[in-house]
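Down below is the structure, laid out as structure tokens.
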Amino acid sequence: MARLIAWCAALCLLAGALPVRAHAEDGHDLWLRYRPLPTKIQERDRPLTAEVIFDGDRADAPILKAVSEIDRALQAMVGLTPAHGTSLRPGSILLGTSDDARIRALVLPLGALGQEGYLVRSATVDGKPVTVVAANSGIGILYGSFALLQHLQRGLSIDSIDIASAPKLKLRLLNHWDNLDRTVERGYAGQSIWDWWKLPDFTDQRYTDYARANAAIGINGTVLNNVNAKADSLSAPYIAKAAALADVFRPYGIKVYLAARWSSPIELGHLKSADPLDPQVAAWWKAKTDEIYAAIPDFGGFLVKANSEDQPGPQDYHRTHADGANMLAAAVKPHGGVIMWRAFVYAQENPEDRAKQAYDDFKPLDGKFADNVIVQVKNGAIDFQPREPFHPLFGAMPKTPLMMEFQITKEYLGMATHLVYLGPLYEETLAADTFARGKGSTVARVIDGSLDGHKLTGMAGVANIGSDRDWSGSTFNQANWFVFGRVAWNPEASAKDVAGEWSELTFGPDPAVTPTVVRMMTSSREAVVNYMTPLGLAHIMGTGHHYGPAPWVHDLARPEWNPVYYHRADATGIGYDRTKTGSNAIAQYAPVLARQFAAVETTPERDLLWFHHVGWDHRMRSGKTLWEELVAHYDLGVDQVAAMHRDWQTLAPYIDAERFRKTDAFLAIQQREAQWWRDACLAYFSSVSGHSLPAGVAQPAKPLADYEAISFPYEPGR
């Protein structure tokens with residue numbers, strides 16, 4: 001007979017919460033912040049006796065982690081040491097898969113939940129009211145247990161709980177741009193958390209905390225190293241190091257992946273070529289792949305950046321991206337692995353508009369990739385800007401699975417200190433209609449496979465995680481990691497709803513706090529667009545480091561490295577003409593969108609200068625001229641940051657001093673730098689256009705030359 005194991009503790013559920021000042025803390029706990037429930041606790045209809053019942057004979061590692069997590073959480077939230085039990089009691093938590101007799105007897109709708117979905121439901125078992133966490137696998141039980149604990153953390157009743165959820169995407173990955181020397185490209189939260197020097201012999205507790213945090217939001221994979229990869233990452237010593245991390249992550253349902261440098265057969269294997277059609281090259285990759293799988297049996301596969309930004313690739317041998325991807329796909333396929341091939345490609349030798357180059361390279365290859373290859377496409381055609389139209393490849397490759405690539409780290413959004421919640425950016429992109437197969441062909445439907453019937457689906461997020469105690473450099477940066485997990489699970493998730501959930505898990509379920517935090521978060525992305533790149537401007541940041549404004553830069557070696565390449569401001573107007581009279585990039589979109597973008601009058605004003613070079617005196621829908629509208633947006637962005645700062649200061653009585661003080665300081669930085677952005681950009685565009693600022697509008701604080709002279713020789717994240 002199956003052995004039943006239980007941990008017991010008495011928990012009276014929260015009936016109503018009063019505002020409460022939180023204890024000082026450093027932010028390390030993220031959304032696993034198991035604090036005592038608010039002081040005003042009343043019993044609801046029944047107490048929850050946190051007796052966790054599961055079939056010990058059938059429990060796999062994820063189920064054991066689920067039990068451990070529930071044990072840990074309830075001890076912290078209730079303050080009682082769990083006791084042991086062997087049978088159900090009123091209020092017990094019953095964990096079980098579809099193989100468990102008690103779960104089968106409930107006839108639960110588990111069939112549609114797949115191997116990772118879960119159901120959390122109030123039920124009566126053996127005549128006793130219990131809370132059931134059921135799934136078809138142990139990892140589903142783990143995900144469901146986290147869902148139950150988050151429900152409790154938010155002060156919600158479980159008397160009639162009924163949650164059913166399953167991921168819409170198969171691959172939900174973080175991409176770490178971490179280097180072997182522990183620097184992090186575009187990282188603003190300290191060193192890499194991977195201490196390669198001490199691995200594999202020492203595995204830090206932080207690796208387990210990382211796995212717990214990711215499992216709690218449904219992330220199931222991590223690419224350990226930078227896409228600008230070193231061949232050493234595939235050497236035997238580093239495979240052993242990756243294997244040690246895989247051992248930590250495995251019980252949490254997280255696979256490890258590696259970014260592969262295309263020239264590795266030359267650098268490690270001493271071959272003369274990396275030509276994908278060379279049998280020796282294919283044999284080297286097969287042997288290397290077999291070596292990796294011998295050390296990491298559940299290795300996920302390779303991520304590849306090729307023939308972009310001076311990275312080697314198959315085009316060096318006059319082969320296509322499909323040739324390269326398919327050669328690697330053949331090596332990993334016997335092991336069940338996948339190849340994620342990045343579509344971020346551009347080259348200075350290509351005279352075409354940079355926004356067109358990925359489409360031009362990949363569209364002709366539709367249907368030519370192996371079935372275990374997924375093409376990873378950035379949300380926009382340039383590079384993680386505060387706002388871009390969705391990438392035209394979405395919807396244009398119906399025979400090829402496409403994987404979304406978002407950036408969680410804020411490379412172009414003020415780095416660590418600016419409060420910019422990326423949920424609205426993700427939601428805007430995913431809800432965009434490609435019209436590829438008619439109305440309703442959203443980007444979300446492209447990447448979840450429902451539009452074209454693909455089974456291999458996914459989303460990747462460039463991580464913002466580092467060795468800082470709070471993981472991401474600030475409290476609010478944590479929200480971007482959190483919302484990425486939520487939209488990777490469900491691409492149709494509401495950014496506003498996720499903001500509320502994150503706030504309650506981060507600051508407690510306090511009605512004096514949550515609405516204000518949500519208001520700040522949901523307005524923050526539009527604020528940064530306004531004070532950085534309004535009306536469709538893009539890539540006018542400082543060059544190289546991408547920090548601060550630099551629309552004047554024009555003398556770098558490669559044309560697409562210069563901000564003037566993107567805004568094209570002159571005496572006649574501003575913006576990049578991507579219509580037929582310019583680069584004709586609009587032709588890469590579905591005809592209905594191409595027609596819309598072809599005319600200034602029908603192009604959404606938020607994207608106007610992305611698609612059109614528009615005269616300074618063009619009359620906007622507001623009645624203002626384009627110049628007046630541009631000035632108004634820059635001023636609005638500054639005002640929006642000031643409003644966020646004022647909102648935050650009203651929360652001083654409710655937020656612990658440590659997190660309040662740090663966020664308050666960062667908002668002061670953001671307010672000052674928003675003004676800098678506004679003043680520097682308007683000073684430059686005024687000089688180019690010949691237009692003075694409208695009457696009553698404040699002049700920039702300094703002459704243009706002073707802004708142009710600012711430099712950052714030691715900026716982070718390079």
Side-chain angles (χ1 to χ4, degrees), residues 175 177 185-186 226-231 259-264 266-267 273-277 303-328 339-366 368-369 373 375-385 388-389 391-393 396-397 400 402 405 407 411-412 462 538-541 543-544 546 553-568 576-578 582-588 610 718:
N175 287 182
W177 287 1
E185 185 173 343
R186 310 309 180 188
N226 197 346
V227 290
N228 294 319
K230 298 291 187 184
R261 182 168 173 82
W262 185 256
S263 55
S264 293
I266 299 171
E267 296 177 54
S273 168
D275 184 347
L277 301 190
L303 171 66
V304 183
K305 175 181 179 178
N307 292 118
S308 181
E309 298 183 322
D310 299 320
Q311 289 294 305
Q315 290 181 335
D316 299 344
Y317 304 92
H318 307 290
R319 312 303 186 191
T320 69
H321 289 288
D323 291 332
N326 292 346
M327 183 271 292
L328 290 177
I339 300 301
M340 298 168 290
W341 195 273
R342 294 179 89 231
F344 179 63
V345 294
Y346 70 97
Q348 66 182 23
E349 297 82 8
N350 189 336
E352 281 282 13
D353 176 1
R354 175 176 163 183
K356 295 177 63 177
Q357 291 183 29
Y359 183 103
D360 288 346
D361 273 16
F362 280 85
K363 169 64 175 174
L365 300 177
D366 188 28
K368 296 182 180 180
F369 289 95
V373 173
V375 175
Q376 185 166 306
V377 183
K378 288 187 178 184
N379 59 281
I382 298 295
D383 192 16
F384 299 134
Q385 296 302 293
E388 296 183 55
H391 202 299
L393 275 175
M397 298 183 70
T400 305
L402 300 185
E405 181 178 335
Q407 195 170 49
E411 175 183 355
Y412 293 96
V462 180
H539 222 303
I540 63 173
M541 293 76 183
T543 53
H546 301 152
V553 174
H554 64 279
D555 57 357
L556 299 180
R558 293 176 59 157
E560 74 278 10
W561 285 353
N562 293 280
V564 297
Y565 174 91
Y566 298 96
H567 66 70
R568 310 212 163 190
Y576 199 123
D577 183 3
R578 293 189 164 101
S583 74
N584 201 29
I586 63 169
Q588 294 183 340
W610 182 280
R718 281 272 208 164

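When reading the values below, keep in mind they use all heavy atoms of this one structure, side chains included, and skip hydrogens, waters and symmetry mates.
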Original post:
Quick one: does V373's side chain get under 4.5 Å of N326's, heavy atoms only?
Top reply: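 With C-beta onward as the side chain, the pair touches.
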Subject >> H321 side chain reached by V375 side chain, heavy atoms, under 4.5 Å >> reply: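 SC-SC contact between V375 and H321 ruled out.
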Atom pair [atom1]/[atom2] of [X] and [Y] - distance to nearest 0.5 Å:
{"X": "F362", "Y": "K368", "atom1": "CZ", "atom2": "NZ", "result": "13.0 Å"}
{"X": "L365", "Y": "M397", "atom1": "CG", "atom2": "CE", "result": "6.5 Å"}
{"X": "H391", "Y": "E405", "atom1": "NE2", "atom2": "CD", "result": "10.0 Å"}
{"X": "D383", "Y": "H546", "atom1": "CG", "atom2": "NE2", "result": "6.5 Å"}
{"X": "M327", "Y": "D275", "atom1": "CE", "atom2": "CG", "result": "8.5 Å"}
{"X": "R261", "Y": "I266", "atom1": "CZ", "atom2": "CD1", "result": "9.5 Å"}

Indicate the atoms forming the closest heavy-atom contact of [X] with [Y], along with that distance.
{"X": "A231", "Y": "E267", "answer": "CB-OE1, 3.7 Å"}
{"X": "A306", "Y": "W341", "answer": "CB-CZ2, 3.6 Å"}
{"X": "V304", "Y": "L328", "answer": "CG2-CD1, 3.6 Å"}
{"X": "Q315", "Y": "N307", "answer": "N-OD1, 2.8 Å"}
{"X": "A274", "Y": "S263", "answer": "CB-CA, 4.3 Å"}
{"X": "D366", "Y": "A396", "answer": "OD2-O, 4.2 Å"}

Original post:
Under the ring pair (Phe, Tyr, Trp, His ring centres under 6.0 Å) test, which residues partner F384, sequence neighbours left out?
Top reply: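 By the ring pair (Phe, Tyr, Trp, His ring centres under 6.0 Å) rule, F384 matches no residue at all.
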Subject >> Counterpart residues, ring pair (Phe, Tyr, Trp, His ring centres under 6.0 Å), relative to F369 (two or more places apart) >> reply: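 F369 satisfies ring pair (Phe, Tyr, Trp, His ring centres under 6.0 Å) with no other residue.
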Original post:
Quick check: are there more than 12 heavy atoms from other residues, nucleotides or ligands sitting under 6.0 Å from CG of D555?
Top reply: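 Yes, CG of D555 has more than 12 neighbouring heavy atoms, counting only those of other groups under 6.0 Å.
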Original post:
Do R319 and Y317 meet the cation-pi criteria used here (NZ or CZ under 6.0 Å from the six-membered ring centre, within 45° of the axis)?
Top reply: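 No, R319 and Y317 do not form such a contact.
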Subject >> Sole candidate of Q376, Q311, M340 that passes side chain to side chain contact (heavy atoms under 4.5 Å, CB included) when paired with K305 >> reply: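 The passing option is Q311.
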Subject >> D353 (side chain) donor-acceptor with S583 (main chain) under 3.5 angstrom >> reply: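 Not confirmed, D353 side chain does not pair with S583 backbone.
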Original post:
Distance-only, no hydrogens or angles: does the D316 side chain make a donor-acceptor pair with backbone N or O of G313 under 3.5 Å?
Top reply: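 Indeed, once roles are kept as given, a pair shorter than 3.5 Å links the two residues.
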**OP:** With ring-ring contact (aromatic ring centres under 6.0 Å, His included) as the test, would you mind laying out the steps for Y412 and H539 before giving the verdict?
**Re:** CA-CA 8 Å; Y412 293 96; H539 222 303; 5.3 Å; yes
In terms of side-chain heavy atoms, does [X] have a donor or acceptor partner in [Y] at a distance below 3.5 Å?
{"X": "Y566", "Y": "R354", "result": "yes"}
{"X": "E185", "Y": "N228", "result": "yes"}
{"X": "D360", "Y": "Q588", "result": "yes"}

Original post:
Checking side chain to side chain contact (heavy atoms under 4.5 Å, CB included) for the pair W610/I382: CA distance, chi angles, key distance, verdict?
Top reply: CA-CA 11 Å; W610 182 280; I382 298 295; 3.1 Å; yes
**OP:** Go through the steps to decide whether W177 and Q407 satisfy the test side chain to side chain contact (heavy atoms under 4.5 Å, CB included), and finish with yes or no.
**Re:** CA-CA 11 Å; W177 287 1; Q407 195 170 49; 3.8 Å; yes
